[in-house]
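Input: a single structure, listed below in structure tokens.
Treat the numbers as computed from the prediction; the structure is a model and nothing was measured. Numbering starts at 1 and runs along the sequence shown.
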Amino acid sequence: MSSSRFSLEGRTALVTGAGRGIGRACAFALAEAGAEVWLAARTREEIEQAAEEIRIHGGQARAMACDVTDAHAVRNLLASIRTLDVLVNNAGGNIPEPFVEVTEEHLDRLINLNVRSAFLVAQTAAKRMLQDPKRRERGGAILNMSSQMGHVGAVNRTVYCMTKHAIEGLTKAMALELAPHGVRVVSIAPTFVETPMTRPFMDKPGFSDWVKERIPMGRVGQPEDIASAVVYAASPAASLMTGSSLIVDGGWTAQ
């Protein structure tokens, strides 16, 4: 198989939550595959630093600060991009706590970030993609960052599981509507990955061992593991993949 099947030369990609962790790794991997990458996050300094590092290594990257919970800011962001071929809908968060202790504030915060914002970013990106008269020929990909917790349940993660199950359903429904236009929609479902967001959990005594015991491959994920899956799902090599979930979990959900 030609390596060009995995090339993103001539494509433009937007990554939300691109300042650190999985989002940052996805931005670097997409740029390495040849895409012009737009990095979006709330913290301007982080994405500007990442974009500069991509450019130093010969890639194309632009940074634009954006709070994805602000629909107006999201529309402005997408309007700034001349053409859009790939969206990595990555921004999200988690507040682990027992079900009976979940506050309305935490419930609303996670639903707003993980579901409402993800929906609006995907919707706005889809509208932008469909403005291209050659979209059916050119193709496009919207990759919603889900989780293994979008396929199973877990203690102290009721709200997170709920939001990620919602992303899985959104992905399937979007895929059906956008397929006739040449736009594929895929969810990416990682296991626990070593990132700034997960570090406080992983540093708790015994928690890291508990996680590794439940991953048959015997290790937690690295951001690059997820970024590799994203590049594949975004590339022509995945041209028949839509409405499905690419689970990168070391075997967690196989049990």
| task | Could you please spell out the steps behind the side chain to side chain contact (heavy atoms under 4.5 Å, CB included) verdict for Thr103 and Arg109? | result | CA-CA 10 Å; Thr103 64; Arg109 185 190 308 176; over 6 Å; no

| message | Set out, in order, the CA-CA distance, both residues' side-chain angles and the distance that settles side chain to side chain contact (heavy atoms under 4.5 Å, CB included) for Arg135 and Thr83, then state yes or no. | response | CA-CA 10 Å; Arg135 180 56 57 193; Thr83 186; 3.8 Å; yes

| query | Can Arg219 and Ile215 be said to form a side chain to side chain contact (heavy atoms under 4.5 Å, CB included), step by step? | reply | CA-CA 7 Å; Arg219 68 173 180 87; Ile215 300 177; 5.9 Å; no

| Can you list the steps and then say if Thr198 with Val193 is a side chain to side chain contact (heavy atoms under 4.5 Å, CB included)? | CA-CA 7 Å; Thr198 63; Val193 176; 5.6 Å; no

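Atom CG of Asp249 sits about 9.0 Å away from atom OG of Ser147, to the nearest 0.5 Å. Rounding to the nearest 0.5 Å places CD1 of Ile111 at 11.5 Å from CG of Leu113. For the atom pair CZ (Arg214) and OG1 (Thr191), the distance works out to 11.5 Å, reported to the nearest 0.5 Å. In this structure, the separation between OG1 on Thr195 and CD on Gln222 is 10.0 Å, given to the nearest 0.5 Å. Distance check: Arg82 CZ to Ser80 OG gives 13.5 Å after rounding to the nearest 0.5 Å. To the nearest 0.5 angstrom, Leu77 atom CG is 11.5 Å from Asp67 atom CG.
Pro205 is linked by a side-chain contact (heavy atoms from CB on, under 4.5 Å) to nothing, counting only residues two or more places apart in sequence or in another chain. Contacts of Gln49 classified as side-chain hydrogen bond (donor to acceptor under 3.5 Å, both in side chains), with partners at least two apart in sequence or in another chain: none. Listed by chain and residue number, Gln131 satisfy the side-chain hydrogen bond (donor to acceptor under 3.5 Å, both in side chains) test with Arg128 (two or more places apart in sequence, or in another chain). Considering only residues two or more places apart in sequence or on other chains, His57 meets the side-chain hydrogen bond (donor to acceptor under 3.5 Å, both in side chains) condition with none of them. With sequence neighbours excluded, the residues satisfying ring pair (Phe, Tyr, Trp, His ring centres under 6.0 Å) with Phe192 are Phe207, Trp252. With sequence neighbours excluded, the residues that form a side-chain hydrogen bond (donor to acceptor under 3.5 Å, both in side chains) with Arg138 are Asp85.
For residues 111-126, the pairs satisfying side chain to side chain donor-acceptor pair (under 3.5 Å) are Asn114-Thr163, with sequence neighbours left out. Every pair tested for side chain to side chain donor-acceptor pair (under 3.5 Å) that includes a residue from residues 228-242 fails, sequence neighbours excluded, so the list is empty. Residue pairs meeting the ring pair (Phe, Tyr, Trp, His ring centres under 6.0 Å) criterion with at least one member in residues 155-185: none, sequence neighbours excluded.
Under the 4.5 Å side-chain heavy-atom criterion for Ile, Leu, Val, Met, Phe, Trp and Tyr, Leu178 and Phe119 are members of the same hydrophobic cluster. Residues Val183 and Leu246 are members of separate hydrophobic clusters, defined by side-chain heavy-atom contacts under 4.5 angstrom among Ile, Leu, Val, Met, Phe, Trp and Tyr. Criterion: ILVMFWY side-chain heavy atoms under 4.5 Å apart, direct or through other members. Under it, Val211 and Val152 are part of a common hydrophobic cluster. Leu107 and Met149 fall into different hydrophobic clusters, where Ile, Leu, Val, Met, Phe, Trp and Tyr residues are linked whenever their side-chain heavy atoms come under 4.5 Å apart, directly or through other members. Residue Val159 is not grouped with residue Val68 when hydrophobic side chains (ILVMFWY) are merged at heavy-atom distances under 4.5 angstrom, including chains of intermediate members.
More than 12 non-hydrogen atoms from other residues, nucleotides or ligands lie less than 6.0 angstrom from CD1 of Ile56. A 6.0 Å sphere centred on CD of Gln255 holds more than 12 heavy atoms belonging to other residues, nucleotides or ligands.
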N/O donor-acceptor pairs under 3.5 Å from side chains in residues 86-95, not counting sequence neighbours:
unit_1	atom_1	unit_2	atom_2	d
Asn89	ND2	Ala118	O	2.8
Asn89	ND2	Asn144	OD1	3.1
Asn90	ND2	Thr16	O	3.1
Asn90	ND2	Gly17	O	3.2

Side-chain donor-acceptor distances from residues 22-44 under 3.5 Å, at least two apart:
unit_1	atom_1	unit_2	atom_2	d
Arg24	NH2	Glu53	OE1	2.8
Glu36	OE2	Trp38	NE1	3.4

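Counting only heavy atoms from C-beta outward, the side chains of Leu78 and Lys127 never approach each other to under 4.5 Å. Looking at heavy atoms from C-beta onward, Glu194 lies out of side-chain contact with Arg199 at the 4.5 angstrom threshold. Side-chain contact check for Val74 versus Leu120: every heavy-atom pair is 4.5 Å or farther apart. The shortest side-chain heavy-atom distance between Met145 and Pro190 falls under the 4.5 Å cut-off.
Closest approach of Leu143 to Ala233, counting heavy atoms only: CD2-CB, 3.8 Å. Residue Ser245 comes nearest to Ala189 through the heavy atom pair OG-CB, 3.6 Å, listed as atom of the first residue, atom of the second, then distance. In terms of heavy-atom proximity, Ala229 sits nearest to Val248 at CB-CG2, 3.8 Å. For the residue pair Asn76 and Met64, the shortest heavy atom distance occurs at O-CE, 4.3 Å. Of all the heavy atoms in Arg11 and Gly139, the pair that sits closest is NH1-O, 3.9 Å.
Between the side chain of Arg55 and the backbone N or O of Ala61 there is at least one donor-acceptor pair closer than 3.5 Å. Looking at Thr171, its side chain never comes within 3.5 Å of a backbone N or O of Val185 through a donor-acceptor pair. For the pair Arg157 (side chain) and Pro96 (backbone), a donor-acceptor distance under 3.5 Å is absent. Judged purely by atom type and a 3.5 angstrom limit, Asp209 has no side-chain atom pairing as donor or acceptor with the backbone of Gly206. Under the 3.5 Å distance criterion, the side-chain polar atoms of Ser4 are left unmatched by any main-chain donor or acceptor of Ser7.
Leu176 belongs to no multi-residue hydrophobic cluster, having no ILVMFWY side-chain contact under 4.5 Å with any other such residue.
Using a 4.0 Å cut-off between charged nitrogen and carboxylate oxygen, Glu168 and Lys164 do not count as a salt-bridge pair.
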